[in-house]
Amino acid sequence: MATRTGAAESHANGAGRAAGGSAIDYVGVSKDFGGGGRSAVSEITLSVAPGRFVVLIGPSGCGKTTLLKMTNRLYEPTAGRITIDGTEVHSLPAPALRRQIGYVIQQTGLFPHMRIGDNIAVVPRLLRWDKARVAHRVDELLDLVGLPPAEYRHRFPAQLSGGQQQRVGLARALAAEPSTLLMDEPFGALDAITRTRLQGELQRIHRRFGQTIIFVTHDIDEAVRLADEIVVMRDGLVVQHGPPLEVVTTPADAFVAELVGADDVLRRLSLLPVGSAMRPLDRANGATGAALPAGPTVTRSAALRDALGTLLESHEDHLTVVDEDARPIGTIDLETIQAVSGRAATGAEGVSPHADVLRA
Amino acid sequence: MDLLRDAVAYVRDDPERFRRAVETHAQLTLYALGWALLIFVPLGVLVSRSARAGPAIVSAVAALRVVPSLAILFLMEPLLGLGFRPALIALTALAGPPILINVDAGLRGVPGAVLENARGLGMTPSQSFFRVQLPLALPAIVAGIRSATVEIVASASLASFVAVRTLGNFVVQGVTTGNEAVLLVGAASITLLALLAELLLGGAERLVTPPQA
């Protein structure tokens, strides 16, 4: 499976339940809102392995939010079963179930009459944690999302920027250490720069704690950037389910192709990370402490489009790919970029060998 | 100036008479407010939860507000007779609409996304109501209580027509006897009471309003 590094790490964490994520299974799940129209969600069967970051994407009305909200029973399925770690979600009272699952929506979600600290403490207090533990947890979480506790604990939501509010929303969802996070277009109302920053924070948190995340968006760039697996939905059905690279390079049908802009080479390059096309460094050469080569470098999470730009500007024949700690891990050149930019991407380095196998 | 001196002299002449009138006025106001809260806050909560009957009830109640306070008192008289109790009932009825309407509007005004989020985090329906919906509706509810209170303070003066000796007595007496000093005693005291209620409840309203940016 063409997983990215974050997911691989979280899988390792997933062994210990407390720090890892839950397995979520949807079996033949349907939702009918009545009124005789077509079902919002039609017999969806979908397995989410522990610790995976799964992005549901599709046009409005495709059923992605409905599927998400059935997971914590904000909507009740008309048919089918949803299990979390093998336990049917109806075997618990709904409030008890929801306290175990982190939930983040667009920025309207904070309670405007509660201070930031009290907003974050909602679920721990529902779970009757003692005072000291709640206070400690609130500060810990504010630190985690980059808001100094002393400065922010006592403020009200309206006194924070949209991005800060969403950080608090994330902290609140994480408060009781849930092994599952449900996120419904959490960054949809933010400006592009803030959104990118928060996406990075979320990835960092996911890499560190390995929760299972189900994330709804209609933004393909966001989906590709965050997902281990993308689930493309349309009219209540799953159209394609696979790693981002696979969805971008081998769209299942014309609808998905249009969604990812498959006809536009530059657009596709902007969706794919450098890591998906690089030639990994020879283990022998790239061993510990190897000095950084003199030539231009690019990080593995950067978009191929940016790498291409750097390459053309530098007049070099290749770039050195480095990881987040600036250690060289591979190289990239025109040939490797071409290998994934063309639609016939099979065989290229880093591309899933079963990219044509759709697991819907 | 003479008028003011005369008015002060009138109060000094029989301080007990003035004190009793203030007391009766305040008592009538507080009792009426208390009953109105007991009856109309829960009613407003019920009304806010009904999608269909709610708005109809609210408009009916709003329409009733055109009936003048004096008319309510006089309409009650043949039914209930004279005295404190009929005045209390009339004033309670008078305070109903602003409270009911604002409780309903305040609770309905809480965005659905906020309530869904309360559920999504694992609050039970009653936790969501008492910890989220009600606190967020409080500014509107307190505003309703404030206008109801001011209305009761003003209308309690009319209770003198059903033989309750409120501050309204001085007004009536002043008008009928052409004694402007007595009229001033009544009018000024009623205004001060109404202002006091306005100030207190206005402060309460600010207290329950979450800070804006």
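Of all heavy-atom pairs between B:Gly120 and A:Asn72, the closest is O-ND2, 3.9 Å. Of all heavy-atom pairs spanning A:Arg99 and B:Met123, the tightest one is NH2-CA, 4.5 Å. Residues A:Leu74 and B:Arg119 share a closest heavy-atom pair of O-NH2, 3.5 Å. Closest approach of A:His113 and B:Pro210 over heavy atoms only: CA-CB, 3.8 Å.
By the 4.5 Å heavy-atom criterion applied to side chains, B:Asn117 and A:Arg172 are counted as neighbours. With contacts defined as side-chain heavy-atom distances shorter than 4.5 Å, the pair B:Arg131/A:Leu126 qualifies. At least one side-chain heavy atom of B:Glu116 sits under 4.5 Å from a side-chain heavy atom of A:Tyr103.
Heavy atoms of other residues, nucleotides or ligands lying less than 6.0 angstrom from OH of B:Tyr31 number 12 at most. At most 12 non-hydrogen atoms from other residues, nucleotides or ligands lie less than 6.0 angstrom from CZ of B:Arg85. Annotation: B:Arg165, atom CZ; neighbour count of heavy atoms from other residues, nucleotides and ligands within 6.0 Å does not exceed 12. By the 6.0 Å contact criterion, CZ on A:Arg197 is open, its count of non-hydrogen atoms from other residues, nucleotides or ligands being 12 or less. Other residues, nucleotides and ligands contribute at most 12 non-hydrogen atoms within 6.0 Å of the NE2 atom of A:His136. Residue A:Trp129 qualifies as enclosed at atom CH2: its count of foreign heavy atoms under 6.0 Å is above 12.
In this structure, A:Arg98 contributes its side chain and B:Leu121 its backbone to no donor-acceptor pair below 3.5 Å.
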